[in-house]
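One structure is given below, encoded as structure tokens.
Convention: sequence-line order gives letters A, B, ...; per-chain numbering from 1.
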Protein chains: 2
Amino acid sequence: MPSKSQPITMDAVYTAPGYLFRRMQQIAVSIFVEECSAFDLTPVQYASLVAIHTHPGIDATRLSAVIAFDRSTLGNVIERLESKALIERKPSREDKRVKLLYLSKSGAAVLRDIMPSVERAQLRMLQPLKPADRKTLLTLLTQLVDLNNEASRVPLRAEDALEHLGKQGEGALGTGVS
Amino acid sequence: MPSKSQPITMDAVYTAPGYLFRRMQQIAVSIFVEECSAFDLTPVQYASLVAIHTHPGIDATRLSAVIAFDRSTLGNVIERLESKALIERKPSREDKRVKLLYLSKSGAAVLRDIMPSVERAQLRMLQPLKPADRKTLLTLLTQLVDLNNEASRVPLRAEDALEHLGKQGEGALGTGVS
DNA sequence: TCGATATTGTAAGTATACTGTCAATCTACC
DNA sequence: GGTAGATTGACAGTATACTTACAATATCGA
């Protein structure tokens with residue numbers, strides 16, 4: 001039967017999945033930034049570096065599909081990474097609209113060096129749970145994100161978003177797509 | 001044994017809990033905004049309305065503790081709610097620094113009317129999972145958020161943050177703390 | 001009571017995150 | 001081959017989210 005307008009309490013907030021997701025995200029960012037403070041990289045900037053490392057010569061639009069971040073937002077992120085000299089932007093010869101993204105030497109170095117801190121952060125987020133529960137949570141969360149993919153404004157389009165890149169082969173991409 | 005600098009792939013991103021939390025939060029907001037589009041309320045604005053409804057005469061600082069949102073951020077949120085005439089701000093007589101928050105008539109009406117849409121949104125977020133899995137995920141997430149409370153920049157200080165309010169008894173708070 | 005300390009709201013600055021729009025450019029169809 | 005429609009990066013605008021700083025005010029200790 002339909003819930004007949006029960007009184008509104010804080011439980012309406014505290015038990016709502018949306019609220020829990022928000023809280024958890026805030027906690028996760030907080031832990032990430034703390035662990036990685038020595039590198040002055042945000043989670044989004046880190047993810048961008050990984051994606052550019054994995055797909056050298058990717059453009060901003062495809063990058064946004066690969067990490068499921070908004071294209072507009074990514075513009076600023078790229079700007080900051082460039083101003084920190086962690087990446088380089090080169091105009092494409094085939095398409096004058098496109099700017100290709102590459103890791104700089106220092107970008108590659110930062111990415112290599114930050115990995116242990118990132119792993120430590122990821123561990124800390126789940127630390128309070130029992131190991132078995134961590135695994136369960138991750139499994140369910142992965143499923144849920146995947147099944148809800150289309151519901152998000154920027155659905156993840158992992159490797160298949162990069163088909164165009166393979167063609168012209170801007171150098172030695174080791175198309176690491178299994 | 002320590003992982004000997006394995007090659008960096010996109011899996012370093014896709015399987016990281018932090019990334020999954022971010023994705024899920026984006027999806028959750030997207031669904032919330034879609035379901036509640038008729039009311040032009042964001043998740044944060046909704047949570048603020050609930051908290052002000054539950055604790056009439058609360059001030060901004062305590063509100064931030066009750067919903068675990070940043071105090072600075074909340075300033076803007078309150079401003080927007082006020083400019084939409086959903087809440088009212090009255091200076092406290094006991095403390096000239098403080099501004100007390102109350103729902104306006106139209107704020108109370110909006111809160112009442114939006115509840116079904118909010119519930120629909122919360123259901124949709126978990127919809128793709130089997131009912132048993134939904135419960136498991138919520139349980140684990142609740143635990144994790146609670147146990148990580150102090151790790152976040154703005155730890156939740158639910159009802160106990162409101163002790164001061166009870167004293168002067170700014171009206172009929174039904175201290176619904178079990 | 002007076003001075004150090006703390007709290008409150010506010011503001012400025014940075015960084016996501018999303019909505020639009022726009023000009024330049026590319027593609028495809030006719 | 002020339003134009004309609006799509007794509008690309010950029011920009012403007014709104015809304016969290018956090019940091020630091022600040023003035024006004026409160027409070028507490030000596």
Side-chain angles (χ1 to χ4, degrees), chain A residues 18-19 21-23 25-34 37 40-48 58-65 67-84 89-101 152-155 161 164, chain B residues 18-19 21-23 25-34 37 40-48 58-65 67-84 89-101 152-155 161 164:
Chain A
Y19 176 77
F21 290 136
R22 173 179 303 268
R23 285 280 289 136
Q25 217 268 320
Q26 288 174 344
I27 290 166
V29 171
S30 182
I31 290 176
F32 184 102
V33 170
E34 195 178 313
S37 60
D40 191 34
L41 270 195
T42 66
V44 173
Q45 291 169 8
Y46 159 75
S48 300
I58 197 174
D59 64 275
T61 297
R62 254 169 283 277
L63 177 59
S64 96
I67 55 183
F69 293 160
D70 183 76
R71 205 162 58 98
S72 301
T73 306
L74 217 49
N76 302 326
V77 176
I78 289 172
E79 227 171 67
R80 271 169 230 127
L81 288 176
E82 198 182 18
S83 79
K84 288 195 235 182
R89 254 194 298 197
K90 299 179 188 167
S92 163
R93 273 185 303 282
E94 295 108 42
D95 189 333
K96 281 184 224 162
R97 295 168 304 177
V98 170
K99 294 180 182 173
L100 274 22
L101 301 172
S152 84
R153 285 285 156 214
V154 188
H164 303 77
Chain B
Y19 177 77
F21 291 135
R22 174 180 302 270
R23 286 280 288 137
Q25 216 270 320
Q26 287 174 344
I27 290 166
V29 171
S30 182
I31 290 175
F32 184 103
V33 170
E34 195 179 315
S37 59
D40 190 34
L41 271 195
T42 66
V44 173
Q45 290 168 11
Y46 158 74
S48 301
I58 196 173
D59 64 277
T61 297
R62 254 169 282 277
L63 177 58
S64 96
I67 56 183
F69 293 160
D70 183 76
R71 204 164 56 103
S72 302
T73 306
L74 217 51
N76 301 325
V77 176
I78 289 172
E79 225 171 68
R80 271 170 230 124
L81 288 175
E82 197 181 19
S83 80
K84 287 195 235 181
R89 253 195 297 198
K90 298 179 190 169
S92 164
R93 271 185 306 281
E94 295 109 42
D95 188 333
K96 281 186 223 160
R97 296 169 303 178
V98 170
K99 295 180 182 174
L100 274 21
L101 302 171
S152 84
R153 285 285 155 215
V154 188
H164 303 77

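In this entry the distance linking CD of Q45(B) with C1' of dA15(D) reads 8 Å, nearest Å. Here dC18(D) presents its P atom at 13 Å from CD of E34(A), a figure rounded to the nearest Å. We find that CD1 of I27(B) is positioned 19 Å from P of dT16(C), with the value rounded to whole Å. The nearest whole Å value for the distance from the CG atom in D70(B) to the P atom in dT16(D) is 12 Å. We find that CD of Q25(B) is positioned 17 Å from P of dA15(D), with the value rounded to whole Å. Following rounding to the nearest Å, L41(A) (CG) and dA15(C) (C1') show an atom-to-atom distance of 13 Å. In this structure, the CD atom of Q26(A) is 9 Å from the C1' atom of dT16(D), given to the nearest Å.
Comparing D40(A) and K96(A) by the nucleotide of DNA chain C whose heavy atom lies nearest to each, the residue mapping closer to the 5' end is D40(A).
Against DNA chain D, the stretch residues 72-82 of chain A makes heavy-atom approaches under 4.0 Å through S72(A).
Among dT16(C), dT25(D), dG9(D), the nucleotide with an atom closest to any side-chain atom of R71(A) is dG9(D). Comparing atom distances between the T42(B) side chain and each of dT8(C), dT16(D), dT10(C) picks out dT16(D) as nearest. Checking dA10(D), dC26(C), dT8(C) against the side-chain heavy atoms of D59(B) singles out dT8(C) as nearest.
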Under 3.5 Å, which protein N or O atoms sit close to an N or O of nucleotides 2-7 of chain C? Give each pair with its distance.
residue	atom	partner	partner atom	Å
dT7(C)	O2	R97(B)	NH1	2.3

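Under the side-chain hydrogen bond (donor to acceptor under 3.5 Å, both in side chains) criterion, E82(B) pairs with R89(B), sequence neighbours left out.
Put simply, the side chain of S48(B) gets close to the backbone of V44(B): a donor and an acceptor are under 3.5 Å apart.
Side-chain N/O atoms of R62(A) include none lying less than 4.0 angstrom from OP1 or OP2 on dG9(D).
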